[in-house]
Amino acid sequence: MKNRLHKSSLKVTGFTIHEGIPILAGLKENRERRYQLASRVRLSIYTNQGTLHVATAAGFVFDGRSGPKIIDWYTPNLGSLEERLCWLVHDANGYGQDLSFGDTNVLLYAMLRDLAGYRKSKATIIQLAVSLTDGWYGEPDESDWCYPNINLVSTMWVPCLR
């Protein structure tokens, strides 16, 4: 898949949660660090380069901010609604339906910076961390906890017309 997003000029200008805000807002951190959505969630992320549409069906599971508990002091596992959107969108894009691995990580960087209010340096560190391996990107193995999600998620990038 070809990279289409340009990090140097990408700006996230807003988002709309069309369906599911009570589900996202009501999530509670848990020991397993897995969050199953009890109902459908539909959202759009708006940027100066295009719009990403994400839809998940009831039962979709994501892990908040990936990584060990030891870094929760730096970046929370769930965090604010805006941070939850960042983690959910990143996980939804991880199935490789429309955005490339690189674009998925660039969009996470821009969302953390522009929606969650992270400093550029912090967003860059997180982008670098998720870019270290692409083992989480694409279709998961049937034995993976996230394998059932492949039938519960849809992402679509609509570029701006120029």
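Residues Thr47 and Thr13 fail the side-chain proximity criterion, which asks for heavy atoms closer than 4.5 Å. Annotation: side chain of Ile45 is not in contact with side chain of Val54 (no heavy-atom distance under 4.5 Å). Looking only at side-chain heavy atoms (C-beta outward), Ile21 and Leu81 come within less than 4.5 Å of each other. Within the 4.5 Å cutoff, the side chain of Asp72 has heavy atoms near those of the Arg33 side chain. Residues Tyr74 and Arg65 are not in side-chain contact: their nearest non-hydrogen atoms beyond the backbone lie 4.5 Å or more apart. In this structure, the side chains of Glu82 and Phe15 come closer than 4.5 Å at one or more pairs of heavy atoms. With contacts defined as side-chain heavy-atom distances shorter than 4.5 Å, the pair Thr124/Tyr109 qualifies. Taking the side chain as every heavy atom from C-beta outward, His90 and Thr104 approach each other to under 4.5 Å.
One hydrophobic cluster holds both Leu24 and Leu152 under the rule that ILVMFWY side chains link at heavy-atom gaps under 4.5 Å.
For the pair His53 and Val158, the tightest heavy-atom approach, listed with the atom from each and the gap, is CD2-CG2, 3.8 Å. Between Asn149 and Gly59, the closest heavy-atom pair is OD1-O, 4.2 Å. What you find for Gln97 and Met1 is that their closest heavy atoms are C-CE, 4.4 Å. Between Asp98 and Arg4, the closest heavy-atom pair is O-NH2, 2.5 Å. Between Ser66 and Asp91, the shortest heavy-atom distance links the atoms OG-OD1, 4.5 Å. Closest non-hydrogen pair, Leu108 versus Cys86, comes out as CD1-O, 3.8 Å.
Ring planes of Phe62 and Tyr35: tilted class, angle from 30 to 60°. Aromatic ring orientation, Tyr95 versus Phe60: perpendicular (interplanar angle above 60°, classes split at 30° and 60°). Aromatic ring orientation, Trp87 versus Tyr118: perpendicular (interplanar angle above 60°, classes split at 30° and 60°).
Between the side chains of Tyr46 and Thr16, at least one donor N or O sits under 3.5 Å from an acceptor N or O.
Here the CZ-CG distance, from Phe101 to Asn3, works out to 10.0 Å after rounding to the nearest 0.5 Å.
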Derivation and outcome, side chain to side chain contact (heavy atoms under 4.5 Å, CB included), residues Asn93 and Leu52: CA-CA 10 Å; Asn93 279 325; Leu52 178 71; 3.4 Å; yes

